[in-house]
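Just so it is clear, the values below take in all heavy atoms, side chains as well, and ignore hydrogens, waters and symmetry mates. Order of the sequence lines sets the chain letters (A, B, ...), proteins ahead of strands, with each chain counted from 1.
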Amino acid sequence: MYIYDSVQKKKVLFEPIREKEASIYVCGPTVYDDAHLGHARSALSFDLLARTLRQLDYKVTMAKNFTDIDDKIIKKVKESGRSMREITEYYIDRYQAEMDALGICRSDIEPKATESLDAIEGMIAKLIEGGFAYQIASGDVYFATSQDAQYGSLSHRVGDDEEAQSRIDHVGEKRNPKDFALWKACGEGDEICFDTHLGSGRPGWHIECSAMIEKHFCGTDSYSIDIHGGGADLLFPHHENEAAQSRCATGHELAKYWMHNGFVQIDGEKMSKSLGNSFFLKDALASYDGEILRYYLISVHYRNDFNFNEEDLLALKKRLDKLYRLKKRILPATASLPSVDFRKGLLDAMADDLNISVALSVVDEMVAQSNEKLDANPKDKALKKEILANIELIDALLGFGAKDPFEYFQLGVEPELKLQIEKLIEMRTGAKKEKDFAAADTLREELIRLGVAIMDFPEGTAWEKI
RNA sequence: GGAGCCAUCGCCAAGCGGUAAGGCCGCAGCCUGCAAAGCUGCUAUCCCCGGUUCAAAUCCGGGUGGCUCCUCCA
């Protein structure tokens with residue numbers, strides 16, 4: 001397996017710290033609002049990574065955190081009158097449900113900041129003890145970036161002319177503008193506080209990931225985990241800071257490889273809250289089935305920017321339709337084993353830094369060839385079994401193609417309408433039998449008006465929602 | 001101001017020094033009562049200008065255009 005390492009800035013052979021095992025930690029969402037397409041893309045990228053590694057026989061341990069302590073959450077608490085827990089639980093549940101709809105495998109470990117305070121506290125204490133962090137009069141604790149000789153090596157940022165970047169930064173008592181808060185002491189009017197030996201307060205943002213990784217992964221003398229992932233915007237300062245903290249607290253590197261996914265853009269601009277151009281996943285899911293959204297969102301290589309647009313989505317859906325039409329042709333069947341060449345083609349593509357474009361072209365080729373073979377031998381049972389096995393492999397590796405094809409083409413069609421459609425088709429079949437083609441064509445037009453496409457086969461007439 | 005990324009057929013999109021995958025759309029054919037679906041065939045020399053090389057979309061330099069990070073962000 002080759003992956004692109006953001007630190008080395010090139011594609012490298014993935015060599016796990018433990019034979020045939022892969023530990024992956026991905027930065028998850030801060031749960032104060034609904035997930036947008038960017039969250040979906042990040043989750044999908046690393047879902048594909050995990051699925052690919054599993055197909056390559058790695059034992060994958062995947063962790064994705066929920067940041068449930070944060071200023072934006074606290075702000076929402078104050079505005080809404082709801083408790084912090086109410087708010088975070090609500091958005092976590094929604095996040096999970098929406099990611100489930102996209103066919104994203106649940107992570108093995110899903111730590112929360114509120115459940116990791118012991119680890120956070122412990123790591124901060126270690127950093128203070130080692131002289132890598134300092135506490136100021138207010139009680140805030142800062143990481144001393146100057147104490148880490150390698151600070152900046154992750155994002156390749158050197159020089160000290162950059163602005164301060166701490167997440168929660170109300171006093172200018174930092175020794176260095178790059179220093180960032182590990183712990184924020186409770187101040188006047190702060191209601192969300194946790195009591196620790198550091199005093200009453202709450203953790204800064206960056207520390208939670210480092211602490212959670214230490215808590216949940218055993219690591220080795222050289223690295224805590226194999227792969228750390230997240231959106232490209234997290235490379236600096238978030239991941240740089242994580243790397244620095246972990247390095248100083250543990251004496252070894254946090255992750256052997258760092259992977260970052262590109263942005264989802266709307267009209268050529270990064271989607272973000274501040275620009276007000278967020279496209280929420282819930283809205284997308286209201287218009288499109290999760291599987292189609294998944295197919296569309298994974299169709300562009302994870303490192304590239306993704307420009308979301310509904311016309312492209314519809315074009316991609318037509319591609320997915322073809323897979324399901326093939327599936328319709330082979331059912332009922334039981335799966336045997338996928339074709340050797342097909343499996344190799346798919347895995348080779350995905351093992352090359354998740355080259356989804358090539359993988360999808362391998363799928364397309366399989367679909368076309370299978371249709372051709374079925375045209376020649378419509379009753380070849382062994383062939384049908386192999387095709388079904390191929391489709392099951394697609395589902396396992398890429399996460400689509402698992403639906404019943406008849407349901408797929410009739411998604412969202414009400415039962416009464418379905419009856420009406422079937423009645424019209426029956427009438428049309430009768431008209432055709434009588435060679436009354438004018439009547440048959442009228443009925444077909446009526447069906448088209450109902451949003452239904454029909455196709456005649458020797459076995460009968462099939463229909464699809466347009 | 002500092003640091004990166006990107007630019008391939010009308011559209012989406014691979015390519016990682018060896019002579020341009022795939023999909024959508026379009027056209028033609030087979031099939032069909034006609035369609036649809038399916039299958040087959042057809043459609044690009046890679047933003048511009050230099051350079052390195054036997055060989056460059058791929059490497060280097062310079063432009064132009066777009067995006068991002070340096071502040072919360074997937």
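Of the listed nucleotides (B:A14, B:A74, B:A35), B:A14 has the atom at the smallest distance from the side chain of A:Val300. The listed nucleotides are B:C69, B:G22, B:A74; the one nearest the side chain of A:Asn261 is B:A74. Distances were taken from every side-chain heavy atom of A:Met455 (C-beta onward) to each of B:A36, B:C39, B:A35; the shortest belongs to B:A36. Comparing atom distances between the A:Asp233 side chain and each of B:A14, B:G33, B:C69 picks out B:C69 as nearest. Closest to the side chain of A:Phe457, from the set B:C69, B:A37, B:G22, is B:A37. The A:Ala315 side chain lies nearest to B:C24 when the options are B:C24, B:A13, B:C69. Side-chain proximity of A:Asp312 to B:C12, B:G38, B:G33: nearest is B:C12. For A:Lys322, the listed nucleotide lying nearest its side chain is B:C24; candidates were B:G33, B:C24, B:C69. Taking every side-chain heavy atom of A:Glu269 into account, B:U68 is the closest of B:U68, B:A21, B:A14. In the set B:G23, B:U40, B:C67, the nucleotide with an atom closest to the side chain of A:Glu372 is B:U40.
Residue A:Val264 is in base contact, counting any heavy-atom pair closer than 4.0 Å across all strands shown. A:Gln265 comes within contact range of the sugar-phosphate backbone alone, with a heavy-atom separation under 4.0 Å but no base atom that close. Within 4.0 Å of A:Arg444, counting heavy atoms only, lies at least one base atom of the nucleic acid. Counting any heavy atom pair closer than 4.0 Å across all strands shown, A:Asn309 reaches no nucleic acid atom. A:Ser42 comes within 4.0 angstrom of the backbone, heavy atoms only, and of no base. A:Lys435 comes within 4.0 angstrom of no nucleic acid atom, judged by non-hydrogen atoms across all strands. Within 4.0 Å of A:Ala462, counting heavy atoms only, lies no atom of the nucleic acid at all. Here A:Ile454 lies in heavy-atom contact (under 4.0 Å) with a base. Among the atoms of the strands shown, base atoms are found under 4.0 Å from some heavy atom of A:Gly38.
Paired with A:Met259 under the rule side chain to side chain contact (heavy atoms under 4.5 Å, CB included), one option of A:Ile227, A:Val7, A:Val26, A:Asp5 passes, and it is A:Ile227.
Distance CG (A:Asp33) to P (B:C72): 18 Å, rounded to an integer number of Å. Distance A:Lys178 NZ to B:C70 C1': 10 Å, rounded to the nearest Å. Atoms OH (A:Tyr32) and C1' (B:C73) sit 7 Å apart, rounded to a whole Å. The CZ-C1' distance, from A:Phe236 to B:C70, rounds to 7 Å in whole Å. Distance, A:Ile356 CD1 to B:G15 P: 12 Å, rounded to whole Å. In this structure, A:Lys72 atom NZ and B:U71 atom P are separated by 14 Å, rounded to whole Å. Put simply, CE on A:Met350 is 13 Å from C1' on B:A14, counting in whole angstrom units. Note: CZ (A:Phe308) to C1' (B:C11) measures 16 Å, nearest angstrom.
When the side-chain nitrogen and oxygen atoms of A:Lys318 are compared with OP1 and OP2 of B:C12, none of them lie within a distance under 4.0 Å. Contact between the side-chain N/O atoms of A:Trp463 and the OP1/OP2 oxygens of B:A36 is not found at any separation under 4.0 Å. A:Lys75 has no side-chain polar atom (N or O) that falls below the 4.0 Å cut-off from OP1 or OP2 of B:C72. Side-chain N/O atoms of A:Arg325 include one lying less than 4.0 angstrom from OP1 or OP2 on B:G38. For A:Lys373, no side-chain nitrogen or oxygen approaches OP1 or OP2 of B:C39 to under 4.0 Å. Between A:Asn355 and B:G15 there is a side-chain N or O to OP1 or OP2 distance below 4.0 Å. Between A:Asn371 and B:C39, a side-chain N or O to OP1/OP2 separation shorter than 4.0 Å is present.
Between A:Gly268 and A:Lys11, it is A:Lys11 whose nearest contact on RNA chain B lies nearer the 5' terminus. In terms of position on RNA chain B, the residue among A:Val358 and A:His238 whose nearest nucleotide sits closer to the 5' end is A:Val358.
The distance between the ring centers of A:Tyr288 and A:Tyr296 does not fall below 6.0 angstrom. Taking the ring centroids of A:Phe400 and A:Tyr408, they lie at or beyond the 6.0 Å cut-off.
Within the shown strands, B:G38 is the pairing partner of B:C30 under the Watson-Crick or G-U definition, both distances less than 3.5 Å. Under the Watson-Crick or G-U wobble criterion, with both distances below 3.5 Å, B:U45 has no partner in any strand shown. Base pairing annotation: B:C54 forms a Watson-Crick or G-U wobble pair with B:G18, both donor-acceptor distances under 3.5 Å. The partner of B:C67 is B:G4, judged by Watson-Crick or G-U wobble contacts that both fall below 3.5 Å.
Rounded to whole Å, the separation between the C1' atoms of B:C27 and B:U19 comes to 29 Å. Separating the C1' atom of B:G17 from that of B:U53 is a span of 9 Å, rounded to the nearest Å. Nucleotides B:U40 and B:C9 are separated by 25 Å at their P atoms, to the nearest Å. Comparing the C1' positions of B:A21 and B:U43 gives a spacing of 15 Å, expressed to the nearest Å. Here the separation of B:G1 from B:G63, taken at their P atoms, is 14 Å to the nearest Å. A gap of 13 Å separates the P atoms of B:C48 and B:A7, to the nearest Å. B:G61 sits 25 Å from B:C69 when the C1' atoms are compared, rounded to a whole Å. Comparing B:C46 with B:A20, their P atoms sit 12 Å apart, to the nearest whole Å.
More than 12 heavy atoms of other residues, nucleotides or ligands sit less than 6.0 Å from atom CD of A:Glu422.
The shortest heavy-atom contact between A:Thr61 and A:Phe217 is CG2-CE2, 3.8 Å. A:Ala43 approaches A:Met99 most closely through the heavy-atom pair CB-SD, 3.8 Å.
Geometrically, A:Lys328 engages A:Phe409 in a cation-pi contact, judged by NZ or CZ lying under 6.0 Å from the ring centre and within 45° of the ring axis. Seen from the ring of A:Tyr32, A:Lys76 does not count as a face-on cation partner, given the 6.0 Å and 45° thresholds.
Residues A:Glu242 and A:Tyr25 have side chains that never bring a donor and an acceptor to within less than 3.5 angstrom of each other.
Applying the 3.5 Å distance criterion, the base of B:A74 shares a donor-acceptor pair with the side chain of A:His36. Contact annotation: side chain of A:Lys10 to base of B:C16, donor-acceptor pair absent below 3.5 Å.
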(request) Take A:Thr67 and A:Glu208 through the side chain to side chain donor-acceptor pair (under 3.5 Å) test and state the conclusion after the steps. (result) CA-CA 8 Å; A:Thr67 298; A:Glu208 71 179 69; 2.8 Å; yes

